[in-house]
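Sequence lines set the chain letters: A, B, ... in the order given, protein chains first and strands last, and positions in each chain run from 1.
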Amino acid sequence: MSTCWDRDTSSHSSLAHAALSALSIQGGAQHIVVLCPRSQDYGGAPPTLGTVHFTQYGEDSPSRTMRVAVIGAGVIGLSVAQSIYQHYHDKVSPLAIEIYADVFTPLTTSDGAAGLWQPYLYDRGNIQETKWNKETFDYLLSFLNSPESVNMGIFLQSGYNLCTEHVLEPSFKDIVLGFRELTQRELDMFPGYRFGWFNTALMVEGKTYLPWLMNWLTQRGIKFHHRKINSFKEVDAPWLKHWILTHKFQEGIYCSPYIIPGSRLVTVGGTFQKGNWSHWNNSIDHKKIWEKACELEPSLKHARIVEDWTGLRPARNKVRLERETLQSGAKTFEVIHNYGHGGYGLTIHRGCAEEAARLFGEILQPKSKPKSRL
Amino acid sequence: MAEALSLCSVTILAEKFSPDTTSDGAAGILLPKEFPDVSLERQRCWFKNTFDHLLAIAESPSAPEAGVFLSPGYQIFREVPSDTKPYWSNYVFGFRTMTDYEMKRFPNHKFGQSFTTIKCECQRYLPWLEKRFRDAGGQIKQEKVTNLKQLTHYYDVIVNCSGLGSRSLAGDQDIHPVRGQILKVHAPWVKNFIRDGDGKTYIYPGISYTTLGGTWQMDDWRLEVDKGDSESIVERCSQLVPSLHRAQVLEEWVGLRPGRRNLRVESERLQVEGHDVLVVHNYGHGGCGITLSWGTALDALGLVRNGLHEQLPHARL
């Protein structure tokens, strides 16, 4: 028996039904659902997404087929699948992991991300998130000296964080390389900014990393099921060798211009509107971003614009990463939530994936029963 | 000179122009070496003037056309150098010693410096400068000059920037070729430059390609590519940045640096048939050509001005 529970007014239940019907074929098998969708938990009543899918919870026995459904194929969904596979494919047999999503690379939000590893300047007291961020950084850094790094879209890049006023040091100062304050001469290059930092950070390009993850997962038998704002431009400006992020705190995170060179193109961005669900490119937004970015980096004036893109960051006051047992009649369902990574999905993905895998391990122990803490 | 001395007519004479000069192949990273017998103050001026001039271009919309931009990176040493804070450390951005954590990436090196300097790519910069020169009324003549005295019939002042050519043109036996081979590779994911303090191994990310180098072969006049050198360059650079193993090689190139114990910027007078001609020398930059280009040009301009004042004390230059 299976049920679909739509959390929000959803027009997206076709994905839910597809996931459920696929899972419900296997009667008696154990189903665990890992949720990594683009759900919006606050800031308006959005039209789509945020659906919770679950299905039958069978007997807990390692010898039965363990079927895991991962919902969402952005960096969070794919990396959770990877972590669960890495930790459990030789402990639980057979382990069937299936990924359901409405969009896959190169159409996910993660693909649009420039891929600069950097948490928000304020950790908002989320020590757990700082730990996951660091774990992700160390994990990515470990690949740097392997030839595989190019295929994964991982490389180092230095750059500037510019602020209009003096601020406290961010949580990541000891994680990144060579973190230091900007000298006055450097600040003179950026009129309007009075304070800032320089450091070397890691880049992990979504549009390279995701195909690499998909390939990694495909090679190990993971199946994919295709059942269906922040706007920016990509420009050709290969003389830019460092990223620049500006921070104007009155305007909110990522509303101030940023310039992040990738391995081929440069991402120029800067809007972050909570509650704005419009996917259509807003031409007023674009003009404003562009003008502000050219003020910051005059050489952009002659850069060729290659693409305009808009993505929706899954914003939340903090990441939701926890188990939940849900009831439908006499059946119980295990869900692992892993969503709400806002503008730092790539930055935190590995730490969260490993934690989700740990929760998966808890589910395998029959005694543990979590409480949902929303 | 064309911009500063508006009453003079300036002509450039050369056998080769961009993209066929030695400057065109150089990566163009601003990083000077100290000359033993030139006053530190003078060298400081040379570097600072060049840095400031190029920085203004890097910060302007002309930057991509001129091929000038900021370049962050590292200089690493196998042994701690005797001078850990060279004179130019004040002029580049954010100069500091690398942390132990940063040095972990380079197990064969004990010490490192991190800073942001400027890269000036001559394949773009020289045509851009040429345009500026022509706009200021300058003339360009393609001609191989073999004898300075011949020029004295047509010119009142000669500025000799012939580099290695000064061996014959100025009879200077102190200038020697220092052969340098480089590889141009496709590696756009490498954003920071890395240079070994010995000057022989370096990785310089550029606009259209990354320069891998190099060699420092004294008195070697060979302009042909040496395959052994290419292999050695790839090997040494990949040790520093392993992802370079899979970088596609676009081109191999050889240039002869105009090596001299000291850079020569000085004036002299040539007597030809009772005729007195001012010659200002500006050559012997070795591997610091681009690094000191504008500064030595200003120095030479000063010498031209002084020389002309002596000749024509009432002239308004």
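- Enclosure of atom NZ in Lys301(A) is not indicated, since only 12 or fewer non-hydrogen atoms of other residues, nucleotides or ligands lie within 6.0 angstrom.
- Ranked by heavy-atom pairs under 4.5 Å with chain B, the list Gly153(A), Gly262(A), Cys294(A) is led by Gly262(A).
- In this structure, the portion of Arg180(A) lying under 4.5 Å from any heavy atom of chain B is its side chain and not its backbone.
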What verdict does the side-chain contact (heavy atoms from CB on, under 4.5 Å) test give for Phe155(A) and Val190(B), after you've listed the backbone C-alpha separation in whole Å, the side-chain angles of each residue and the deciding distance to 0.1 Å? CA-CA 7 Å; Phe155(A) 55 96; Val190(B) 178; over 6 Å; no
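- Between atom OG of residue Ser114(B) and atom CG of residue Asn199(A) there is a gap of 10.5 Å, rounded to the nearest 0.5 Å.
- Contact annotation for Phe95(B): neither backbone nor side-chain heavy atoms come within less than 4.5 Å of a heavy atom of chain A.
- Between chain A and the residues Asn192(B), Val68(B), Thr99(B), Thr116(B), the most heavy-atom pairs under 4.5 angstrom are made by Asn192(B).
- Near-neighbour residues of residues 237-244 of chain A relative to chain B, defined by a heavy atom under 4.5 Å from a heavy atom of that chain, comprise Pro238(A), Trp239(A), Lys241(A), His242(A).
- Of all heavy-atom pairs between Pro147(A) and Arg246(B), the closest is O-NE, 3.1 Å.
- Heavy atoms of other residues, nucleotides or ligands lying less than 6.0 angstrom from CG of Asp100(B) number 12 at most.
- Interface residue Pro61(B): backbone and side-chain heavy atoms are both found under 4.5 Å from chain A.
- Ser149(A) touches chain B through its side chain: at least one heavy atom from C-beta onward sits under 4.5 Å away, while N, CA, C and O do not.
- Interface with chain A: from residues 200-214 of chain B, residues Pro205(B), Gly206(B), Ile207(B) qualify, criterion being any non-hydrogen pair under 4.5 Å.
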Report the C-alpha distance between Trp189(B) and Leu156(A) in whole Å, list the side-chain angles of each, state the deciding distance to 0.1 Å, and finish with yes or no for side-chain contact (heavy atoms from CB on, under 4.5 Å). CA-CA 8 Å; Trp189(B) 60 87; Leu156(A) 288 174; over 6 Å; no
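- Considering all non-hydrogen atoms of both residues, Gly94(B) and Thr183(A) come closest at CA-CG2, 4.4 Å.
- There is no contact between Phe179(A) and chain B, counting heavy-atom distances below 4.5 Å.
- Minimum heavy-atom separation, Leu55(B) to Met189(A): CD1-SD, 4.3 Å.
- Side-chain N or O atoms of Arg185(A) include one that pairs as donor or acceptor with a backbone N or O of Asn90(B) at under 3.5 Å.
- With a 4.5 angstrom heavy-atom cutoff, Leu141(A) touches chain B only via side-chain atoms.
- In terms of heavy atoms, Asp138(A) sits closest to Tyr101(B) at OD1-OH, 4.2 Å.
- Of the listed residues (Pro64(B), Ser243(B), Pro188(B), Ala63(B)), the greatest number of heavy-atom pairs within a distance under 4.5 Å of chain A belongs to Pro64(B).
- In this structure, the separation between OG on Ser299(A) and CD on Glu65(B) is 12.5 Å, given to the nearest 0.5 Å.
- Atom CZ of Arg194(A) is surrounded by 12 or fewer heavy atoms from other residues, nucleotides or ligands within 6.0 Å.
- Shown here for Pro261(A) and Lys191(B), the closest heavy-atom pair between the two residues is CB-NZ, 4.1 Å.
- Asp174(A) does not touch chain B: none of its heavy atoms, backbone or side chain, sits under 4.5 Å away.
- Within a 6.0 Å radius of CG in Leu40(B), more than 12 heavy atoms belonging to other residues, nucleotides or ligands are found.
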Test Leu177(A) against Met98(B) for side-chain contact (heavy atoms from CB on, under 4.5 Å), laying out the working first. CA-CA 9 Å; Leu177(A) 304 169; Met98(B) 285 165 74; over 6 Å; no
